[in-house]
Amino acid sequence: MSGDLLVVEKKQLERFIQAGPKDFTLLYSFTRNGADSAIFHQVCDNNGPTVTVIYNTSGTVYGGYTEISWRSDSGTYYRDEHAFLFRLQQNETYAPMKFPVKKPDSAIYNYNSYGPTFGGHDLHTFSGKPSDQNGQYTTNATYSFGHSYDMCGISTEQLTNNVKTITELEVYSVTDSILVPVWREIGDWELQDLEELKNEMDSWSPPQGVGLKSANILVLGPVGAGKSSFFNTIASVFRGHVTGQAVCGSAEQSITSKYHKYRVRGSALTKPMKFKLCDTRGIEENQGIDGTELNYLLEGNVPNGYQFNPSTPISPEISGFISKPTLNDKIHCVCFIIDGSTATVMSEKMLEKIKALQTKVRQKGLSQVVLVTKIDKVCSHVEEDVSTVFQSVAIQELVDKVSGILGVPRSHVLPVKNYEKELNVTNDVSILALLSLRQILRATEDFMFNLLDVLDDENDSLE
Ligand SMILES: Nc1nc2c(ncn2[C@@H]2O[C@H](COP(=O)(O)OP(=O)(O)OP(=O)(O)O)[C@@H](O)[C@H]2O)c(=O)[nH]1
Ligand SMILES: [Mg+2]
């Protein structure tokens, strides 16, 4: 997926804005919402300060910041003394530069059929509906750089390579990054003992009498949400250093191509814990796991190591199909993984797909939890210090939104920061990961206690 501001770029914009820590919430994106000025206005109007970021096909990233809301006017200039244009990358090389406003009275221009427009018009990003050819958008942008903004000697050619074809345009709302008193009580973070949490997970086992050796937790979610990284994060906590056992990365299509039921252990010599994290291929709008395939996964028909094949859906004909699965083969809890930095702009198609899968999970009586990853990209404070997660207003709002969108109680929406850039494990990231794992195992137990009830009822009726 193209786009997505890097953490380092957000930090740079924060420095350009010069008004303390900021959070960037994605409001609109060409690739997720569609390239259409009407949609832009629908989701971005009256949202206060925003930053618009353009990614062109020559690897240059640039855009503009304004404190003034976008509106569906019929052509009005607005004053903004703090507006500026900027460049973050030039030909795929990090090259940050700020271009301050020099005529604040014409800092932005609001017009109902235009996309974000800065100055008169230094940067008119698009109008109407730019055409999309395989993820490349031909915009009808116009540039008159230098009219209302001081370009500091940088020419249009130098800023944009004179390229008007772009792979992404994003609009983020910019808010103060605020910490408040703890909104989710998990006990005093400082007193959370990592070793104690590790021991708790290590000694966890399915309830006695249910007849299970270990729990199968299915990990489901869109491409690139951080499913494999979550397994790596949990494995890293127990191994004591950051591991890359599951292959991770970013691509248009899922990096994970095989169904892998991962066991977690401290080292090759220690016994695995009594749960498996079952990693899957990412959900895509038009392919990937659908209701029928999910049914086979939940029922335990799919063998470990199965190679997902988008053109041949799972069926009883696949090699190794387990036709008579036991309770030990079945899934006992489903963990949806959602990218927190894009959760609020998920496309309707993707949302529909996830909701259909959730319905299937509910029909089976299985517990479900939602992990919201990449919280370091959502809150500036959390990026610096993960232990502030339950004091962050941005994360609290994100949890509320995801709970509303997916119809899952807030207690089952768990923010997570995966190990991704780190070389060594840190207490805070590990504690947060294990707090989530604890909730997942508790949800797994809920399902198992229901099973126990059924078994006890059967025994009672035999007596
Ligand atoms: N900043 C940040 N990046 C993350 C986090 N979790 C995962 N990533 C990055 O997101 C990208 C995708 O992660 P994966 O774990 O491969 O995602 P996946 O859901 O397994 O994706 P597919 O297998 O392709 O469906 C990788 O580059 C990770 O490093 C996180 O919490 N924070
Ligand atoms: Mg993966």
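One-based numbering, in listed order, for ligands and for the atoms of each. Along the sequence shown, residues are numbered consecutively beginning with 1. Just so it is clear, the model here is predicted, and its values are computed rather than measured.
Looking at Glu422 and Lys417, a side-chain N of the basic residue comes within less than 4.0 Å of a carboxylate O on the acidic one, giving a salt bridge. Between Glu285 and Lys353 no salt bridge is recorded (no basic side-chain N to carboxylate O distance below 4.0 Å). A salt bridge is defined here as a Lys NZ or Arg NE, NH1 or NH2 lying under 4.0 Å from an Asp or Glu carboxylate O, and Glu352 with Lys349 fails to meet this definition.
For the Mg ion (ligand 2), the set of protein N/O/S atoms nearer than 2.8 Å consists of Ser228 OG, Thr256 OG1, ordered by chain and number.
Remark: side-chain polar atoms of Lys355 are paired, donor with acceptor, to backbone N or O of Ile405 under 3.5 angstrom. Between the side chain of Tyr419 and the main chain of Thr426, a donor-acceptor pair closer than 3.5 Å is present. Not one N or O on the side chain of His332 forms a donor-acceptor pair closer than 3.5 Å with the backbone of Ile217.
Within the structure, side chain to side chain donor-acceptor pair (under 3.5 Å) pairs that include any residue of residues 390-404 comprise Asp400-Arg410 (at least two apart or interchain).
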List, one per line, each side-chain donor-acceptor pair under 3.5 Å for residues 441-451, sequence neighbours excluded.
{"unit_1": "Arg442", "atom_1": "NH1", "unit_2": "Gln439", "atom_2": "OE1", "d": "3.2"}
{"unit_1": "Thr444", "atom_1": "OG1", "unit_2": "Ile440", "atom_2": "O", "d": "2.7"}
{"unit_1": "Glu445", "atom_1": "OE2", "unit_2": "Trp204", "atom_2": "NE1", "d": "2.8"}

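Pocket lining of ligand 1, defined as residues with a non-hydrogen atom under 4.0 Å away: Pro222, Val223, Gly224, Ala225, Gly226, Lys227, Ser228, Ser229, Cys248, Gly249, Ser250, Ser254, Ile255, Thr256, Gly282, Lys374, Asp376, Lys377, Lys417, Asn418, Glu420.
No option in Lys10, Lys22, Glu14 other than Glu14 meets the side-chain hydrogen bond (donor to acceptor under 3.5 Å, both in side chains) test with Ser380.
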